[in-house]
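Per chain, numbering begins at 1; letters A, B, ... match sequence-line order. Heavy-atom basis, side chains included; hydrogens, waters and symmetry copies ignored. No experiment lies behind these values; they were computed from the predicted model shown.
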2 protein chains.
Amino acid sequence: MARAKPNKELRDLILDEARREMLAQGYRSLSMRKIAAAIGCTATSIYLYFKDKDDLLHALIDEGLDRLHNQLSTSTGEVKDPRRRCERLCRAFLNFAIENREFYEIIFQLHPEHMKRYPQTLYRRARRNLDLFASALAEAAGRPGKISDVDHLQAHVVWAQLHGAVALHQTQRLDFRLNIFQFFDGVVRNALNAIPGPGEES
Amino acid sequence: MARAKPNKELRDLILDEARREMLAQGYRSLSMRKIAAAIGCTATSIYLYFKDKDDLLHALIDEGLDRLHNQLSTSTGEVKDPRRRCERLCRAFLNFAIENREFYEIIFQLHPEHMKRYPQTLYRRARRNLDLFASALAEAAGRPGKISDVDHLQAHVVWAQLHGAVALHQTQRLDFRLNIFQFFDGVVRNALNAIPGPGEES
DNA sequence: CCGTTAAGTTTACACTGTTAACTGTACGAG
DNA sequence: CTCGTACAGTTAACAGTGTAAACTTAACGG
């Protein structure tokens with residue numbers, strides 16, 4: 001019964017269905033057989049286009065990283081003041097996390113076990129996003145253009161603050177009495193605290 | 001073949017083996033059949049003592065929360081200065097996370113899907129830990145003894161900063177060039193930035 | 001017209017958590 | 001002493017999971 005027409009688009013069909021299912025039911029509910037059933041092929045066919053399930057997941061992560069990068073890099077707009085640029089980045093990051101729950105999860109929360117063969121191109125794509133923060137921090141510290149180790153470090157601290165907030169929120173560990181907007185505001189404020197004024201250094 | 005002697009300790013055996021396997025191979029590798037095989041019973045026997053796998057996990061989380069609470073509450077020792085108490089708490093939290101990787105993971109990273117029937121006692125136990133931070137913050141803000149909403153909020157922000165660092169570290173999302181000690185130092189420093197001096201308020 | 005290549009399929013394996021039905025022992029009541 | 005019941009634990013089974021190997025079928029080049 002094998003279709004003779006080499007269905008060039010099957011890979012895309014798989015990817016589309018995987019994304020759809022992930023966004024609808026969560027990435028944990030992804031199953032080779034379910035995806036296959038939904039698009040009318042067999043589970044093993046997927047292995048013609050993806051090495052294994054992780055490989056399929058990596059393709060989605062890749063997509064997610066691109067979306068994040070777009071959202072981050074357009075967020076700063078024409079804003080000149082480096083501190084305000086930073087704030088825009090933080091807000092954009094949080095917005096992305098909230099609006100793209102499942103993408104965020106596979107990008108940042110997926111256990112390293114699934115990353116054993118994580119392709120290096122994804123690492124590079126991920127680094128691009130952090131560098132947006134780092135260069136804004138470099139600018140704020142009065143050395144635009146060149147990202148120093150300190151900027152790199154501070155970018156990680158800011159990132160950790162944001163990620164921690166998102167992670168606790170998404171895993172529902174926050175106290176239910178907490179006002180979530182105040183919380184995120186406080187988080188952004190504290191993240192921006194990590195920015196040293198121009199000239200001053202710790 | 002059912003053993004006549006009612007093995008009163010089977011529940012403990014299960015729990016011990018589950019903990020052992022979790023610490024040795026990670027909680028993801030926990031399997032009812034593996035646990036059963038290791039202690040010489042059948043998988044279905046476990047259901048006599050735990051409602052399901054999540055229930056077993058919850059028992060381990062319970063244990064982990066206790067360990068964390070011990071580590072946190074003994075960390076401050078005789079230190080009087082509230083800011084230093086806060087720092088001790090932060091350090092103790094990070095140490096716990098690093099030294100108890102798997103416990104940390106099931107406590108803080110486990111997906112809410114596994115928490116559907118999360119017993120309320122665990123919530124209370126979890127809140128105890130956050131309250132240690134909140135009351136130290138209340139003290140630092142000059143209103144010892146009574147935890148205000150602001151303290152509660154700031155405690156969450158501090159917690160998010162710490163958790164973010166741990167989460168990124170444990171999921172191996174940090175840049176490999178990053179000096180991990182400098183990173184954690186920066187994180188603690190920034191977490192403490194969230195503490196307002198006595199009297200001042202945002 | 002044959003042989004090769006590639007796309008898809010069927011089948012199978014080794015797992016997973018979980019339920020239902022069953023077995024055998026211990027103990028208390030008649 | 002025997003019967004009944006409660007209980008601890010078992011076996012068998014179901015509905016899933018990812019994935020490898022072998023097989024089928026269609027298209028194309030010589």
Euclidean distance, atom [atom1] of residue [X] to atom [atom2] of [N] [Å, nearest integer]:
{"X": "F50(B)", "N": "dG17(C)", "atom1": "CZ", "atom2": "P", "answer": "14 Å"}
{"X": "I14(B)", "N": "dA8(D)", "atom1": "CD1", "atom2": "C1'", "answer": "12 Å"}
{"X": "E9(B)", "N": "dG9(D)", "atom1": "CD", "atom2": "P", "answer": "11 Å"}
{"X": "Y49(A)", "N": "dG18(D)", "atom1": "OH", "atom2": "C1'", "answer": "19 Å"}
{"X": "L10(A)", "N": "dA7(C)", "atom1": "CG", "atom2": "P", "answer": "10 Å"}
{"X": "K51(B)", "N": "dT18(C)", "atom1": "NZ", "atom2": "P", "answer": "8 Å"}
{"X": "L13(B)", "N": "dG9(D)", "atom1": "CG", "atom2": "P", "answer": "10 Å"}

Selected nucleotide, minimal atom distance to [X] side chain, candidates [options]:
{"X": "L48(B)", "options": "dA8(D), dG8(C), dG18(D)", "answer": "dA8(D)"}
{"X": "Y47(A)", "options": "dT19(C), dG18(D), dG8(C)", "answer": "dG18(D)"}
{"X": "T44(A)", "options": "dT9(C), dG8(C), dT11(D)", "answer": "dT9(C)"}

Exercise for review: Can you spot which of F93(A), F103(A), F96(A) makes a ring pair (Phe, Tyr, Trp, His ring centres under 6.0 Å) with F108(A)?
Suggested key: F93(A)
Practice item. Could you tell me whether the side chain of R125(A) and the main chain of E63(A) form a donor-acceptor pair under 3.5 Å? Key: no
Review point. Can you check whether S45(B) has a side-chain N or O nearer than 4.0 Å to OP1 or OP2 of dT10(D)?
Key: yes
Check your understanding: Between E17(B), M32(B), K53(B), which is the residue that forms a side-chain contact (heavy atoms from CB on, under 4.5 Å) with I46(B)?
Key -> M32(B)
Point to revise | Close side-chain approach of L15(B) and L60(B), heavy atoms under 4.5 Å | key: yes
Review point. Should L30(A) and L56(A) count as side-chain neighbours, where that means a heavy-atom distance under 4.5 Å?
Key: no
Exercise for review: Tell me whether the centres of the aromatic rings in H169(B) and F184(B) are closer together than 6.0 Å.
Suggested key: yes
Scan the side chains in residues 157-167 of chain A for donor-acceptor partners under 3.5 Å anywhere in the protein, sequence neighbours excluded, and list what turns up.
| unit_1 | atom_1 | unit_2 | atom_2 | d |
| --- | --- | --- | --- | --- |
| Q161(A) | OE1 | N190(A) | ND2 | 2.9 |
| Q161(A) | NE2 | V157(B) | O | 3.2 |
| H163(A) | ND1 | Y104(A) | OH | 2.6 |

Check your understanding: Among residues 26-35 of chain B, which residues get a heavy atom nearer than 4.0 Å to DNA chain C?
Key -> L30(B), S31(B), M32(B), R33(B)
